[in-house]
Q: 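Here it is, the structure in full.
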Protein chains: 2
Amino acid sequence: MATLKQVAAHAEVSVQTVSNALNAPHRLRPDTLQRVTKSIELLNYRPNRNARSLRTSAVELIGYCVPSWPNGQAHLVMDQFLHALCTAAETTSRHILLFTAPVGLEGMPVYEDLHARRLVDGFVLSQTETHDPRHGWLKEQEIPFVSFGRVWKETTQPGPFVDVDGAAGCAAAVRHLYDAGRRRIGFLSWPKSSGLAEDRLSGWSDACKQLGLSTSGRAMRCVDDTIDEGAGATAELLDATEPVDGIVAISDVLALGALSELNRRGLTAGVEVGVTGFDDSPLASVVSPALTSIRQPMDQIATELIDILTAPTRRSADNPDADPTPARSSTERLLQPELVIRGSSAPG
Amino acid sequence: MATLKQVAAHAEVSVQTVSNALNAPHRLRPDTLQRVTKSIELLNYRPNRNARSLRTSAVELIGYCVPSWPNGQAHLVMDQFLHALCTAAETTSRHILLFTAPVGLEGMPVYEDLHARRLVDGFVLSQTETHDPRHGWLKEQEIPFVSFGRVWKETTQPGPFVDVDGAAGCAAAVRHLYDAGRRRIGFLSWPKSSGLAEDRLSGWSDACKQLGLSTSGRAMRCVDDTIDEGAGATAELLDATEPVDGIVAISDVLALGALSELNRRGLTAGVEVGVTGFDDSPLASVVSPALTSIRQPMDQIATELIDILTAPTRRSADNPDADPTPARSSTERLLQPELVIRGSSAPG
DNA sequence: CTGAAAGCGCTTACAG
DNA sequence: CTGAAAGCGCTTACAG
């Protein structure tokens, strides 16, 4: 493995010049640059990242805690998210370092240790939960991070985040079903304790009201995110005095439960009842009829996350008051989801 | 951030002694060790990993290429695999570095670059395909790696691997269905070009023959891994002169197709027809009746992968012939899957 | 535009 | 059992 010194000897310049050829080529005279470049190629030189990191104290690695699901629930779009995150990181010549940690506050020493030992420059948080304690902790420790998802029900959001406007997504689903002629639209949700669920529910509820549709008795709470729960809630909605003809589900799994219950009753999704899911997970395109679903723009999410985390202005360190940049708009980004329309919401 | 030098000054010893306290504590006198340990804690010292890596030229990072699925197919157990891999790596104080690369030979410069720049010590390969070119390439470059999955149809496997005995898994599924009284058992497979598929099919076929069951016309080839394909193949198996009463599917998605077709015909999985899947993906426990499925032992797979990759004996470098260790048995490990029995294969 | 030199924070033979 | 010193491969003020 060639070193800077060997390249310098080969090109008959100093190591400083080779380093500049790599990191600040404009400082070299064209002919020198070319000679150095040729030596680099000839010797197949690749700068040792550890030496660079030691010197600059920047490792260009971003930590991401792989979620564990003791309840057996899977993160069905995790591979999409990770792929997008990696790609976004690589456009800034960074990479993702994976690690595991206990959930909640208990896991924070792991974060702190990774940062202290300089294995990572900062963190991307996801699986953000209502009252998630990680954000505040990291902020207090002045460890750089950015969150995918908001910490709900706090007075102020600790630190920067990127999130998807779930309310707008659900409202779009309601309007889509309305346009297909549906007038009695139910909502399959999770327990009230979830800020995420309340946000999405408000989108359904507001859109219904705006369109003059009743919401009374049509918001179902599913304790677990399973097909059975979705099917049970759907059964209730169908057995009501005024049976629903449209269902907006807060997840693809609950929507699959709706499809299953319709199927059991000899009804066809997209014909008698329109159904939509959330996340556009692999499940959505694999069932028949395929599931209309609200897709989170993963590539954009990842790009924004990396952009915020790697932004040169680290506000906390230097003068926080004299800064002209509007703080909120640059570190709190709400993206619009996309309704992917398939057979479950419309015939054909 | 405290450094080794500061700790040494605080404990009134040399830096060498502090380093030894961390890496070879047995070399210190107990009282010295205790004094140093106290200083380390007091100053909240954490060794800088970059400095260590630069010196030892071992980064303790393992590269893993996140699969991309242009065809929209998801890796439904990827989060399980990644979690297991991270956990296994962490027990040896290593971590996983994620990256993306083009598929096939085109992606190899990315692997080479990551290794040359010392971002990783080696690689874990998964999504191994029939005739996968990566293994041979890495071996030739003498870049350490270990594969989850075999390169099928090569005369010799290039490099170490861990894999699951798919044939044994499918044979176990057949015997399970046989024990539940099934006598006409079909198999939902993929195209013949897949070595993985042929291996699993052979397990089904051998077990059937051993039990005196006919296999004729009962192996179906599904071009895509979708519910529709599985449903179509199941329809054929049910419409045959001798309709099947058991179905072993090569994937959970195809098994879901079988369930869907049974459902459409008013048949119940586990009652009229027993159905089994492969992978025990999140899909399996989310459907109703829940899917019996062949589970790959992810934790064990991950442990073996890390074990092989981090084994101190790097045979290729030093004397390859004079080694007493049997090469095959230590670097080629075939693990047994587990049949997870649920409602789709047996009533109740 | 180019070069000699210091230093990032560790580990490791080598002496004592 | 402990210490002084060299060196891993870079980057970066500082001179020329």
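Each chain gets a letter, A, B and so on, in the order the sequences are listed, and its residues count up from 1.
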Q: Round to a whole Å and report the spacing from NE2 of A:His26 to P of C:dC1.
A: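 For the pair A:His26 NE2 and C:dC1 P, the rounded distance is 8 Å.
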
Q: Quick one: B:Leu4 CG to C:dT11 C1', roughly how many Å, whole number?
A: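 Value for this atom pair: 9 Å.
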
Q: Distance check needed: C:dG9 C1' versus B:Arg46 CZ, whole Å only.
A: 16 Å

Q: Is it true that atom CD of B:Glu112 has more than 12 heavy atoms of other residues, nucleotides or ligands lying nearer than 6.0 Å?
A: yes

Q: In whole Å, what is the span from the OH atom of B:Tyr45 to the C1' atom of C:dG9?
A: 7 Å

Q: Using atom CE of A:Met1 as one end and atom C1' of D:dC10 as the other, report the distance to the nearest whole Å.
A: 15 Å

Q: Taking 4.0 Å as the cut-off, does a side-chain nitrogen or oxygen of B:Arg27 come that near to OP1 or OP2 on D:dT2?
A: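 Checking B:Arg27 against D:dT2: no side-chain N or O falls below 4.0 Å of OP1 or OP2.
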
Q: Less than 3.5 Å apart, any donor N or O on the side chain of A:Ser147 or A:Thr128 sitting next to an acceptor on the other?
A: yes

Q: Using a cutoff of under 3.5 Å, can you pull out all pairs of nitrogen or oxygen atoms linking the protein to nucleotides 3-7 of chain C, with atom names and distances?
A:
unit_1: C:dG3; atom_1: OP2; unit_2: A:Ser14; atom_2: N; d: 2.9
unit_1: C:dG3; atom_1: OP2; unit_2: A:Ser14; atom_2: OG; d: 3.3
unit_1: C:dG3; atom_1: OP2; unit_2: A:Thr17; atom_2: OG1; d: 3.0
unit_1: C:dG3; atom_1: O6; unit_2: A:Gln16; atom_2: NE2; d: 2.6
unit_1: C:dG7; atom_1: N2; unit_2: A:Arg55; atom_2: NH1; d: 3.4

Q: Nearest whole Å is fine: how far is C:dC10 P from B:Glu60 CD?
A: 14 Å

Q: Could you identify the nucleotide paired to C:dA4, looking across every strand shown and requiring Watson-Crick or G-U wobble geometry with both distances under 3.5 Å?
A: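 With both distances under 3.5 Å required, C:dA4 matches none.
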
Q: Taking CG from A:Asn50 and P from C:dC8, how many angstroms apart are they, rounded to a whole number?
A: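 Whole-Å distance recorded here is 18 Å.
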
Q: Using every non-hydrogen atom in the two residues, find where B:Ser39 and B:His10 come nearest and quote the distance to one decimal.
A: OG-ND1, 2.8 Å

Q: Using Watson-Crick or G-U wobble geometry with both distances below 3.5 Å, tell me the partner of C:dA13, or none.
A: none

Q: With a 4.0 Å limit, can you tell me whether B:Arg52 has a side-chain N or O closer than that to the phosphate oxygens OP1/OP2 of C:dG9?
A: no

Q: Should A:Arg150 and A:Asp132 count as an ion pair when the cut-off is N to O under 4.0 Å?
A: no

Q: Do other residues, nucleotides or ligands put more than 12 heavy atoms under 6.0 Å from the CD atom of A:Gln6?
A: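 For A:Gln6, atom CD is crowded (more than 12 foreign heavy atoms under 6.0 Å).
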
Q: Of all the choices, C:dT2, D:dT2, C:dG9, which nucleotide is nearest to the side chain of A:Leu54 once you look at every atom?
A: C:dG9

Q: Below 4.0 angstrom from OP1 or OP2 of C:dT11, is there any side-chain N or O of B:Asn23?
A: yes

Q: Any base atoms under 4.0 Å from A:Ser57, or only sugar-phosphate, or nothing? Heavy atoms, all strands.
A: nothing

Q: Under a 3.5 Å cutoff, is there a donor and acceptor pairing between the side chains of A:Arg46 and A:Asn44?
A: yes

Q: In whole angstroms, how far is the P atom of D:dT2 from the CG atom of B:Leu28?
A: 6 Å

Q: With respect to the side chain of A:Thr3, which nucleotide from C:dC10, C:dC8, D:dC10 is positioned closest?
A: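 Closest of the options to the side chain of A:Thr3: D:dC10.
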
Q: Can you tell me if B:Thr32 touches the phosphate of D:dT2, counting only side-chain N or O atoms and a distance under 4.0 Å to OP1 or OP2?
A: yes

Q: Quick check on the 6.0 Å ring-centre criterion: do A:Phe148 and A:Tyr64 meet it?
A: no

